[in-house]
Amino acid sequence: MNLLHNLNPEQLAAVTLPSQSALILAGAGSGKTRVLTTRIAWLIQTGQVSPAGIMAVTFTNKAAKEMLTRLSTMLPVNTRGMWIGTFHGLCNRLLRTHYRDAALPQSFQILDSQDQLSMIKRMLKAANVDDEKYPAKNLMYFINNAKDQGLRADKVEAYDPIERKMVELYALYDQQCQREGVVDFAELLLRAYELLSRNTPLRQHYQMRFKHVLVDEFQDTNDLQYNLLKLLAGHNEGMGGVIFAVGDDDQSIYAFRGANVGNMQAFERDFRVQNLIKLEQNYRSHGHILDSANFLIANNTKRLGKNLRTDAGQGEPVRIYEASSDLEEAQWIIEEAKSLMGEGVARSEIAILYRSNAQSRVIEHALFAAGIPYTVYGGLRYFQRAEVKHAIAYLQLMDNPHNDSAFLRVVNFPTRGIGVRSIEQLQMAADTYGISLYAAVPYMTGKAGTSLGAFVKLVEGARFETQQLALPEMVRVVLERSNLLTHYANEKEGADRIENLEQMVNAATQFVQEEGFGQFAPAHLGPPSQAQVGDAVVYQDGIEILDADAPLPSVMSPLSAFLSHASLEAGDAQAQAGQDAMQLMTVHSAKGLEFDAVFITGLEEGLFPHESSARELDGVDEERRLMYVAITRARKRLYMSFTQQRMLHGQTRYNMKSRFFDELPEEALKWLSPRVQSHWFANKKAPNAWDDAAFRNAGSDNKIAQQLTQKSGSSSSGWRIGETVAHAKFGEGVIVNIEGGAGAARAQINFGPSGIKVLDLSVAKLERVSR
DNA sequence: GGAAAGATATTTTTT
DNA sequence: ATATCTTTCC
């Protein structure tokens with residue numbers, strides 16, 4: 001079978017590049033994943049590298065899985081042992097293998113964001129810190145931010161007393177984590193980075209091993225991730241590691257969580273990239289859609305530069321609708337969606353996108369009322385649910401009793417008469433001796449001592465009893481001994497929770513099978529020693545290196561592995577009923593997906609671009625990239641909508657239409673509601689709200705528009721709240737409020753950049769812009 | 001220990 | 001409007 005079959009010239013060039021670092025600028029829908037996986041397969045097939053010499057990094061488990069699946073269809077190799085995974089997954093593997101060198105306990109556990117926050121709250125309380133002045137969330141952000149930049153507390157520069165205190169608390173937090181044997185997400189990466197940078201033989205070992213490092217979504221890397229990659233490639237040591245980075249600066253939408261697009265330019269410079277390949281052939285969208293995307297994104301400066309092209313025809317125009325309210329916007333979406341489904345478009349091929357989650361509600365209501373099946377992306381994932389986290393906490397305590405977060409979560413759940421008072425005492429004892437809560441239990445006396453002692457016995461008993469058991473049975477026993485099942489059985493609404501708990505046995509079974517734990521030593525042998533596995537233990541300069549060919553089961557117990565898995569892979573959201581349903585999601589979560597038809601909703605100033613983006617450096621550029629991502633999700637049909645009036649935080653808001661409309665090519669658009677001319681004011685043209693030609697051209701589409709057009713009344717002044725008007729000095733604005741009766745009416749008008757003005761309607765010269 | 005009332009915050013998200 | 005967290009009261 002020929003791997004290179006059906007690749008276009010750019011793709012082919014990228015796949016078959018010589019062994020040098022390269023940057024692949026891969027536009028939306030340009031076959032990025034295909035190039036990445038084919039490159040790996042090609043390198044292996046041509047004998048340039050063995051599967052063990054490859055590392056491929058992604059950001060999400062989904063992307064990693066996708067890569068593995070595709071790779072195994074291309075090559076007859078066992079992908080299980082390969083180093084393909086997320087940054088966090090691979091760092092976890094590295095740290096498990098070298099836990100001693102990384103100064104971690106063998107069964108260290110991973111805190112998810114929830115655990116991290118609760119741990120910080122606890123720490124603030126214990127340290128008697130004013131949580132008004134130092135909110136736990138801020139501190140968490142501060143700590144993660146520092147770690148994402150590779151900075152320990154002693155390296156963070158503090159410029160004021162507040163920051164100095166935060167740094168102090170950061171140090172305290174790290175100490176506490178170390179004491180408990182837990183690491184947060186950022187710590188996984190930072191630890192791995194420090195491990196490799198301090199331990200030269202180890203670093204060199206991996207540098208020699210990974211001849212080719214491939215990185216997906218490179219524009220999303222943060223500073224720490226980039227530095228880690230540099231380290232692995234032996235960038236400063238002439239180790240000749242080769243990085244194949246694939247990314248798209250135009251789709252960089254995660255600056256808010258530390259992603260640094262600048263890494264792309266830095267990479268080009270640092271690695272003297274001679275091979276910059278642009279994948280600009282788009283295989284997804286029709287012409288008008290692609291033109292819209294190209295036009296829009298051209299408004300961003302600081303681009304590496306890229307223009308997508310397609311062989312598909314122009315296709316349908318992008319349809320735009322101005323609704324009178326959010327409710328009516330939802331109504332319109334449903335009408336259009338129904339007509340699409342009438343044309344044979346599957347429900348699951350229709351996506352409704354919004355900038356923020358709060359917008360989904362109205363749409364959901366409308367869909368529900370119309371009886372159309374839909375699924376909302378996001379929401380609680382399986383391993384995040386309270387009952388599942390409780391069960392996990394018992395397992396965590398059995399594997400590492402010093403995890404205080406786990407301890408506190410279940411010490412009195414289900415209730416066993418251990419109240420706040422007892423916990424306070426216990427906490428004090430733990431603080432006094434600098435030990436974990438679990439370890440402090442023996443110091444407790446009296447009634448508290450008895451009940452806490454009973455809890456410890458419960459955990460120890462469960463551990464003892466399950467020593468001989470395989471993971472799924474172990475889970476089963478824990479569910480029963482913890483009394484979680486009985487507890488929820490007595491609850492009114494406990495049925496779903498019980499089901500989720502039972503589900504955990506299946507999750508464990510599946511995990512054991514997929515990760516190959518079944519064929520290795522059962523749990524009662526404990527984690528197999530390296531000698532038992534006998535797999536490539538290398539000694540260099542007295543430092544023991546378990547070669548990473550050793551699969552996961554040889555470096556950790558099934559339980560530890562399962563707990564890692566629960567933290568690193570939170571699982572799916574709702575048990576998705578397999579039925580054909582419309583897809584609702586934020587623009588962010590739509591990244592990487594594609595649909596036949598896409599609705600981009602709420603295109604209003606303040607919402608999209610979001611108002612908070614105005615405050616951030618290059619914030620609007622990022623919003624524009626977000627819009628670019630949204631547009632490029634669509635294959636055949638694209639709809640955009642905005643509304644004059646919308647409920648937000650319990651208040652009615654009147655927003656202007658999004659500036660992004662002015663950045664789209666007119667000839668690709670079809671305004672379904674009476675046309676709002678762009679830039680008419682700047683061009684000194686008369687407003688022509690009722691563009692008759694456009695209206696007539698709208699044809700059948702407009703039946704819906706007409707039906708839905710708001711008929712509700714204008715005020716006695718002749719103007720209506722929500723209406724867009726133009727003023728000679730202030731430009732376009734939206735009427736936010738009208739005060740006073742006929743004759744003496746004044747209007748509050750939001751002119752966006754010029755602010756909100758109160759104008760006397762009998763004096764001010766206003767022009768209608770729409771309707 | 002748990003329900004009820006009051007306070008608070010509300011962009012985007014993965015690991 | 002609403003969800004979530006905190007305080008207050010039985």
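The structure presented is a predicted model; accordingly, all values stated were derived computationally and were not measured. Order of the sequence lines fixes the chain letters, A, B, ..., with proteins taken first and strands second; residue numbering starts at 1 for each chain.
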Would you say the rings of A:Phe87 and A:Phe59 are close, in the sense that their centroids are separated by under 6.0 Å?
yes

Please classify the nucleic acid contact of A:Asn412 as base, sugar-phosphate, or nothing, using heavy-atom distances under 4.0 Å.
sugar-phosphate

Between C:dT4 and B:dT13, how far is it from one P atom to the other, in whole Å?
15 Å

Between A:Arg361 and C:dA1, is there a contact of a side-chain N or O with OP1 or OP2 at under 4.0 Å?
no

Does the ring centre of A:Tyr206 sit less than 6.0 Å away from the ring centre of A:His98?
yes

What residues, two or more places apart in sequence or in another chain, satisfy salt bridge (charged side-chain N to carboxylate O under 4.0 Å, His left out) together with A:Glu604?
A:Arg646

Please work out which of the three classes, parallel, tilted or perpendicular, describes the rings of A:Phe142 and A:Tyr170, given edges at 30° and 60°.
perpendicular

Which whole number of Å gives the distance between the P atom of B:dT12 and that of C:dC5?
16 Å

In terms of side-chain heavy atoms, does A:Arg355 have a donor or acceptor partner in A:Thr601 at a distance below 3.5 Å?
no

Which letters describe nucleotides 4-10 of chain C, given B = protein heavy atom under 4.0 Å from base, S = only from sugar-phosphate, - = neither?
-------

Which class fits the ring pair A:Phe642 and A:Phe661: parallel under 30°, tilted 30 to 60°, perpendicular over 60°?
tilted

Parallel, tilted or perpendicular: ring planes of A:His565 versus A:Phe383, cut at 30 and 60 degrees:
perpendicular

Base-contact (B) and sugar-phosphate-only (S) positions in nucleotides 9-15 of chain B, heavy-atom cut-off under 4.0 Å, - elsewhere
-BBBBBB

Rounded at 0.5 Å granularity, tell me how far OG in A:Ser613 sits from CZ in A:Phe256.
13.0 Å

